[in-house]
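Keep in mind it's a predicted model, so treat the numbers as computed, not measured.
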Amino acid sequence: MSAIDTLPPLREVIAAHDLRAKKSLGQNFLLDLNLTAKIARQAGDLSTCDILEIGPGPGGLTRGLLAEGARRVLAVEKDARCMPALAEIANAYPGRLEVINGDALEIDPLIHLTPPIRVAANLPYNVGTELLVRWLTPKDWPPFWESLTLMFQKEVAQRIVAQPGSKAYGRLAILAQWRAEARIVMDLPPQAFTPAPKVHSAVVHLTALDQPKYPADAQVLSRVVAAAFNQRRKMLRASLKGVAPDIEDRLIAAGITPTQRAEEISLERFCALAREVAR
Ligand code: SAM
């Protein structure tokens, strides 16, 4: 499949539709279609899936996803100025691109999608983290998505894949790694974007597991992990005091020394502790 389509270069599209980047919408566009095709390939085999893309902007990643063979793309974009540029892409790929002009934090895209579904996005970082947390904490598991391929500020990407003992290890790592495999698959320098942001970025690919890696109740695990990392410098017997009255006994039963700190505790031990707390 050719990575580059026959539509005009993105710089021309942006000039033709006067799509000056708006800071308020976190607009840092990817204009190199070789790069967007490469990001699209990180999402895996697209030909058998519907793709949910959040924040297509002028459509660089959208074009990458379609040129790389996505069965169908549903793109949700808040900025109405982008609609004519996205309509041109829809015309070039009949029946394969649907665009919704709306806020991804408010609309439910699922009625427009047919499983299996993968998610791909280059989003403003604040919206990206909020959506990631929502996608990782649905009421039922497995979730609606098979995989998430998401651009983040590099520091956030590192928090998602962090291992115990590192500064980046915290709630996001536990949340992401409990029920998904999470990897950083690409690093991007600021110059890859127009305009260039201040920070480096990275693409994270998450694959949903059928079952959590270790059994635990999602709400109890979330409560324990939040309390542990809210006071990450404190020993767990102190930071978790409010979680259960006999927390020292429960820590020991979970194989944790009560004087340890949150960032030393593996996902497996946190799940064991959540089971002890729920007992
Ligand atoms: N995907 C394009 C690219 O890679 O060039 C644009 C990326 S830009 C970082 C983020 C895009 O998300 C912008 O087009 C912005 O308008 C859009 N956006 C921001 N907040 C949004 C929201 N809440 N819902 C949907 N789109 C949003």
Legend entry - Donor-acceptor side-chain pairing of R71 and S47 below 3.5 angstrom: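 Side chains of R71 and S47: no pair found under 3.5 Å.
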Inset, instruction - Answer yes if the side chains of H17 and E88 hold a donor-acceptor pair under 3.5 Å, and no otherwise. - result: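 Short answer, yes.
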Between [atom1] on residue [X] and [atom2] on residue [Y], distance to nearest 0.5 Å:
X    : Y    : atom1 : atom2 : answer
L188 : L30  : CG    : CG    : 7.0 Å
L175 : L132 : CG    : CG    : 7.0 Å
R96  : I89  : CZ    : CD1   : 12.0 Å
Q27  : K23  : CD    : NZ    : 13.0 Å
L236 : I247 : CG    : CD1   : 8.5 Å
I160 : E155 : CD1   : CD    : 10.0 Å

Quick one: does [X]'s side chain have a donor or acceptor within less than 3.5 Å of a partner on [Y]'s backbone?
X    : Y    : value
T36  : G60  : yes
R81  : R20  : yes
D50  : T114 : yes
Y169 : V161 : no
E98  : L113 : no
E106 : D103 : no
S266 : R269 : yes
R159 : A168 : no
H205 : Q42  : yes
N101 : E77  : yes

Please tell me if the side chains of [X] and [Y] come closer than 4.5 Å, counting only heavy atoms from C-beta onward.
X    : Y    : answer
R179 : Q211 : no
L35  : M186 : yes
L123 : M151 : no
E181 : K213 : yes
F229 : S239 : no
L105 : R134 : yes
V119 : F144 : yes
L131 : T129 : no

If you compare all heavy atoms of [X] against all heavy atoms of [Y], which two are closest, and at what distance to 0.1 Å?
X    : Y    : value
A90  : L97  : N-CD2, 3.7 Å
W135 : I54  : CH2-CG1, 4.0 Å
K167 : R232 : O-NH2, 3.2 Å
L33  : D5   : CD1-OD1, 4.5 Å
A37  : E68  : CB-OE2, 3.6 Å
W145 : A180 : CH2-CB, 4.4 Å

Given the rule that I, L, V, M, F, W and Y join up when any side-chain heavy atoms are under 4.5 Å apart, are [X] and [Y] in one cluster?
X    : Y    : answer
L148 : F152 : yes
V204 : V156 : yes
V127 : V199 : no
V185 : L172 : no
I256 : L221 : yes

Inset, instruction - Kindly indicate, with the supporting measurements, whether the criterion side-chain contact (heavy atoms from CB on, under 4.5 Å) is fulfilled by W178 and C271. - result: CA-CA 9 Å; W178 180 41; C271 291; 3.6 Å; yes
Legend entry - Criterion side-chain hydrogen bond (donor to acceptor under 3.5 Å, both in side chains) on E53 and T62, from CA distance to verdict: CA-CA 7 Å; E53 186 194 355; T62 321; 2.6 Å; yes
Inset, instruction - Apply side-chain contact (heavy atoms from CB on, under 4.5 Å) to the pair V203 and L150, showing each step before the final yes or no. - result: CA-CA 5 Å; V203 177; L150 308 172; over 6 Å; no
Inset, instruction - Output yes when K154 and D187 qualify as a salt bridge under the 4.0 Å nitrogen-oxygen rule, no when they do not. - result: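 The answer is yes: the pair qualifies as a salt bridge.
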Inset, instruction - Would you sort out whether F193 and L31 count as a side-chain contact (heavy atoms from CB on, under 4.5 Å), showing the intermediate values? - result: CA-CA 7 Å; F193 302 84; L31 304 186; over 6 Å; no
Legend entry - Heavy-atom neighbours of Q219 CD exceed 12 at 6.0 Å: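 At most 12 heavy atoms, drawn from other residues, nucleotides or ligands, come within 6.0 Å of this atom.
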Inset, instruction - Just do the side-chain contact (heavy atoms from CB on, under 4.5 Å) check on R63 and L10 with the steps written out, would you? - result: CA-CA 10 Å; R63 286 166 64 171; L10 280 158; 3.8 Å; yes
Inset, instruction - Assess the pair Y214 and F270: is the distance between their ring centroids shorter than 6.0 Å? - result: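 No, they do not, as the ring centres are separated by 6.0 Å or more.
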